[in-house]
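Before any comments, here is the structure.
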Amino acid sequence: MDPTTVPTVPVDLSAIAGAENPLITKEMVTDRTGQLGVAEPYIVFEDGVYHMFFDVILGYNPDTGSTADEIGHAYSTDMINWTYTQIVLGEETNGTRAASPYVMEYENTYYMVPDRVGDVIVYQASSFPLEWELYGTLLSGNFVDPLVFSMDNIWYMTVSELPYNSLSLYYNTSGDWRNSSWVLHSSSQILPETTTEGGLRNGGMPIIYDNSVVIPVEVTPKSNNIYGEYTTWYELSNLSPTTVTVTNKGTAVISQYNDEWNGDAMHHISYIAVGDGFYYATDGYNWNNNEYSIGIFKGATTTNPTDPTDPTDPTDPTDPVLPTAPLTMEDISLYYSVKNPILSIASITDRVANQGIANPYIVLDDGTYHVFFNTIQAYNPTTGVTADEIGHAWSNDLQQWNYTQVVLGVDTTGTNVASPYVFMYQDEYYMVPDLSGDVNVYKASSFPLGWELYGTLLSGNFVDPLVFVEDDIWYLAVTDQPYDSLSLYYNNSGDWRNNSWTLHPQGSIITATATESDLRTAGNPFYYDGAVVLPIQVTPTDGRYGEYTYWYQLSNLSPTTVSVINLGLAVEAQKNEAWNSDAMHHISNATFGTGNIYIVDGMNDGIYTIGLYTDLQQSISPPVAVPFPNIMNPILTTSIVTDRTGQSGIADPFIYLDNGIYYIFFEIIGGYNASTGLTADEVGYVWSADLINWTYGQVVIGPSLQGVRAAYPNIFTYENNYYMVPDIADDINIYTTTDFPNNWTYYSTLLQGTFSDTNIFMIDDVWYMTTAEAPYMNLSLYHNTSGDWRNDQWVWQEDILIGTGDEYSYRSAGNPFIYDDYIIMPVQVHPGGGMYGEYTYWVKLSNFSTTDVDVDIMSTAVTASFDGGWNDESMHHISHADYLDGYVYLTDGYNDGVYSLGLYIEDYLV
């Protein structure tokens, strides 16, 4: 290939045959330790060898004892197999931290202009590629990620200045860019931060054309503050010292929204000519591993590589990622990259939606996901009216969701409005909602927030209408009063938006039975060759309203014929005390990557919320907890306890969020009660509104109150009541209160014996218990099929973790994460030759039945620090509560005979 040839953008990246990304990882760096990853790669080709320069993030240099970002080097002859050499620019070699190593050739010599978080300095290769020396300073100040290029014999520099949110342009007309004759361009900030995007910084190598330059620019969206989540191509044209035109040319690379190496951010791309095409080096970030790594792709020109296909126009039944029918819950799983449910009553800001939000429809438009749903009997404080209305939320990444407002309400419709089926027809959006009356259609006057009445399709008393097309004839599936059976209408006028609808000769195509009723549409249609598949919600006679949803296939469709087949369950109540425990009565989809994202509703304890599933393959990763930023652990010590004296520590913390207040219940170890003269382990609590300032309450479980010593205060709610199952080193008892957080009274006994550290949870309508029985070597699993966990009908199932000489004293160590069909729970461990509870594992339990369960030790949750600190000798507990879009954690730590408590946070929230 002509070396002056450059790629055109946007670029469609694809995998290289025989190469599995990432190709460059932190493990390849052999002269540093502890680095968090490798990132920001630049590639040059010299004498048949490809050279990659990249940032080694916060590596520890054992020779100097310093930790810093530095520039590493690797080489390859085929762009697939890479050999690491050494750090070539850094603290030891050049006395500076360095990143983003932009390397270019000028007058037959290589130069590097790295990011030093300060002055813009240029280094010259004294012996390429390994030795570099200071050449000079271009700009003085506080700059990051500089990029230098030439156009029409004038040199230009794009760079970000403190606070690093916007991209500025400088020029140099001296004829040599390597001096300090740089002047701020008259346009100054050519890419200023916006209300939606910040962190605009150079994100790779420039592509220089005859009359313009295209630069990749990394972006941090303000909706979720994921640093460098994606990178955008920007074209700079009409370049002169006084003029510049900036054009967005589309997305370069973007996080892949999975748990792979590039699942959470991609903030850099550079290219190199290979053969008759181009290869691209990108970096990627994975939150769960807190690691950057580098991948190599080949590229081909495309018209728009990043806009997902939008399948919302029913007149075009072609869907390149259509799921195989029937889709079941075995084919999809919770979207692990978010914390489900993604939307709840807490999301709604202009109504008080005490009963929840439901019936979501998801639409993909111009790279943004829009969800329309109904608020259930929500109160409008402005008008004083309570009604079902249609709300809207949006997201660019499926992770951070932004509620906007009610977009169709009783003020427009004159009645309750629900089930907002939204779709595109002839390049315009329409909504056909449930009005519990006529079937009306609304047209978007200003998508997504403005809607106006277009017309009436059917007059009567109907709910949950769904419009779709087959062989140029329109059909309407709808449920008529008394809302038990599903009817079919057709319209062969050529335009569905009129009232030319006729009841199909078969009338009710799906009818209620003695065991199932309330048959109503429950999501958007799926189009297949010769058939349409509809989700249909069902209420079993002996169950809950909308407890599950079926797939029904309609084939042989014509104005006189239709064949109807039940394809089986789509989604169903999970019966696990989670957000979707009691009912799942809706599912709709949109294209996501190479598959689909599914938005569903779920009901628990009478409240509906909304969650995400996907049919893309995902890996289950354990949580990653790191110390809470800007505080000094331990946050709580024995001194917080004011109604006992002489205690040797506080441990076993359970953090619980209730009405905006965080409570921590914990064991007070060996406290002396001056009122009774007793010394015992007891349970006390503290509370805080900000996680920083904590106020002590009192002892709530102990000998003077309930006649028991107590530890491990496992607290949770069930059917809107508070329960605690503490470790009393005896029977397993339940305590409850109607005066939270005080005044706990005995409720019942679950098991008699000598047990410690009990967890209780539900999976698929069966209750399970993990506990340790004296002598506390093994962790046991019990089950209860009575339907109510609060009785003594518990049956031993098996010992799921059995103590050995290497590890023993397996005990529950905090509240579990409960998912549809598995849990992840912390389990404390006593290693042979080590300390009691020296570390805690994350353990996954899955494939539950009353005879079997799969057990997988996933990773270490917390462990002794061995650094002389508060947690030097052991960490044997970790509990969690909701915080922002993730979790906050409470841990305990032991050192020199004293337990204290530390505050941690989900790593990606830092």
Side-chain angles (χ1 to χ4, degrees), residues 195-196 223 312 341-365 368-396 398 400-424 428-456 462-466 521-524 546 579 585-586 588 590 599-603 606-612:
T195 57
T196 59
S223 60
T312 54
I342 58 160
L343 294 168
S344 67
I345 56 177
S347 310
I348 311 305
T349 56
D350 53 355
R351 299 292 189 273
V352 181
N354 291 328
Q355 296 181 40
I357 55 178
N359 298 321
Y361 283 90
I362 188 167
V363 172
L364 177 61
D365 182 78
T368 298
Y369 291 92
H370 299 269
V371 174
F372 299 87
F373 52 86
N374 71 271
T375 61
I376 303 173
Q377 288 298 292
Y379 173 73
N380 185 339
T382 303
T383 64
V385 174
T386 297
D388 290 356
E389 297 179 292
I390 304 305
H392 167 265
W394 63 271
S395 175
N396 288 326
L398 294 173
Q400 180 67 41
W401 287 90
N402 307 278
Y403 175 76
T404 57
Q405 64 186 55
V406 166
V407 297
L408 189 64
V410 69
D411 56 337
T412 300
T413 65
T415 186
N416 289 318
V417 56
S419 194
Y421 177 38
V422 174
F423 61 96
M424 182 180 284
E428 294 186 286
Y429 280 104
Y430 293 87
M431 183 191 299
V432 184
D434 168 4
L435 299 173
S436 296
D438 296 345
V439 178
N440 287 351
V441 56
Y442 296 82
K443 182 180 177 181
S445 55
S446 178
F447 184 84
L449 303 183
W451 298 84
E452 59 188 12
L453 179 64
Y454 184 91
T456 298
F462 301 94
V463 294
D464 296 332
L466 200 65
T521 63
N524 57 286
W579 62 280
H585 80 336
H586 189 97
S588 74
I599 196 156
V600 303
D601 62 15
M603 192 263 282
I607 306 296
Y608 280 94
T609 51
I610 293 171
L612 287 181

If you round to the nearest 0.5 Å, how far is [atom2] of [Y] from [atom1] of [X]?
{"X": "Phe373", "Y": "His392", "atom1": "CZ", "atom2": "NE2", "result": "8.5 Å"}
{"X": "Gln377", "Y": "Asn416", "atom1": "CD", "atom2": "CG", "result": "5.0 Å"}
{"X": "Asn440", "Y": "Thr415", "atom1": "CG", "atom2": "OG1", "result": "10.0 Å"}
{"X": "Thr609", "Y": "Asp601", "atom1": "OG1", "atom2": "CG", "result": "8.0 Å"}
{"X": "Asn402", "Y": "Trp394", "atom1": "CG", "atom2": "CH2", "result": "4.0 Å"}
{"X": "Leu408", "Y": "Leu449", "atom1": "CG", "atom2": "CG", "result": "12.0 Å"}

If you compare all heavy atoms of [X] against all heavy atoms of [Y], which two are closest, and at what distance to 0.1 Å?
{"X": "Ser588", "Y": "Ile362", "value": "OG-N, 3.2 Å"}
{"X": "Asn524", "Y": "Tyr361", "value": "N-CE2, 3.4 Å"}
{"X": "Asn359", "Y": "Pro420", "value": "O-CD, 3.4 Å"}
{"X": "Arg351", "Y": "Pro381", "value": "CA-CD, 4.4 Å"}
{"X": "Ile607", "Y": "Asn354", "value": "CD1-O, 2.9 Å"}
{"X": "Val432", "Y": "Phe423", "value": "CG2-CE2, 4.0 Å"}

Let me see the working for Val385 and Asp411 under side-chain contact (heavy atoms from CB on, under 4.5 Å), right down to the final yes or no.
CA-CA 10 Å; Val385 174; Asp411 56 337; over 6 Å; no
Do the rings of Phe372 and Phe447 sit parallel, tilted or perpendicular, given the 30° and 60° boundaries?
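Because their plane-to-plane angle lies in the 30° to 60° range, the rings of Phe372 and Phe447 count as tilted.
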Give me the ring orientation class for Tyr454 and Tyr430: parallel if the planes are under 30° apart, tilted from 30 to 60°, perpendicular past 60°.
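It falls in the perpendicular class, over 60°.
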Heavy-atom side-chain proximity of [X] to [Y] below 4.5 angstrom:
{"X": "Leu612", "Y": "Tyr369", "result": "no"}
{"X": "Val463", "Y": "Ser436", "result": "yes"}
{"X": "Ile357", "Y": "Ile348", "result": "yes"}
{"X": "Val417", "Y": "Asp388", "result": "no"}
{"X": "Trp451", "Y": "Thr412", "result": "no"}
{"X": "Pro465", "Y": "Asp434", "result": "yes"}

Whether the side chain of [X] engages the backbone of [Y] through a donor-acceptor N/O pair (distance < 3.5 Å, no angle test) should be reported.
{"X": "Thr375", "Y": "Ala353", "result": "no"}
{"X": "His370", "Y": "Val363", "result": "no"}
{"X": "Thr521", "Y": "Asp464", "result": "yes"}
{"X": "Ser223", "Y": "Gln400", "result": "no"}

Distance-only side-chain donor-acceptor flag, Asn374 / Glu389, under 3.5 Å:
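Absent: no donor and acceptor within the cut-off.
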With no hydrogens and no angle check, do the side chains of Tyr403 and Asp350 hold a donor and an acceptor under 3.5 Å apart?
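Short answer, yes.
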Take Met424 and Asp365 through the test side-chain contact (heavy atoms from CB on, under 4.5 Å) and record every step on the way to the result.
CA-CA 10 Å; Met424 182 180 284; Asp365 182 78; 4.3 Å; yes
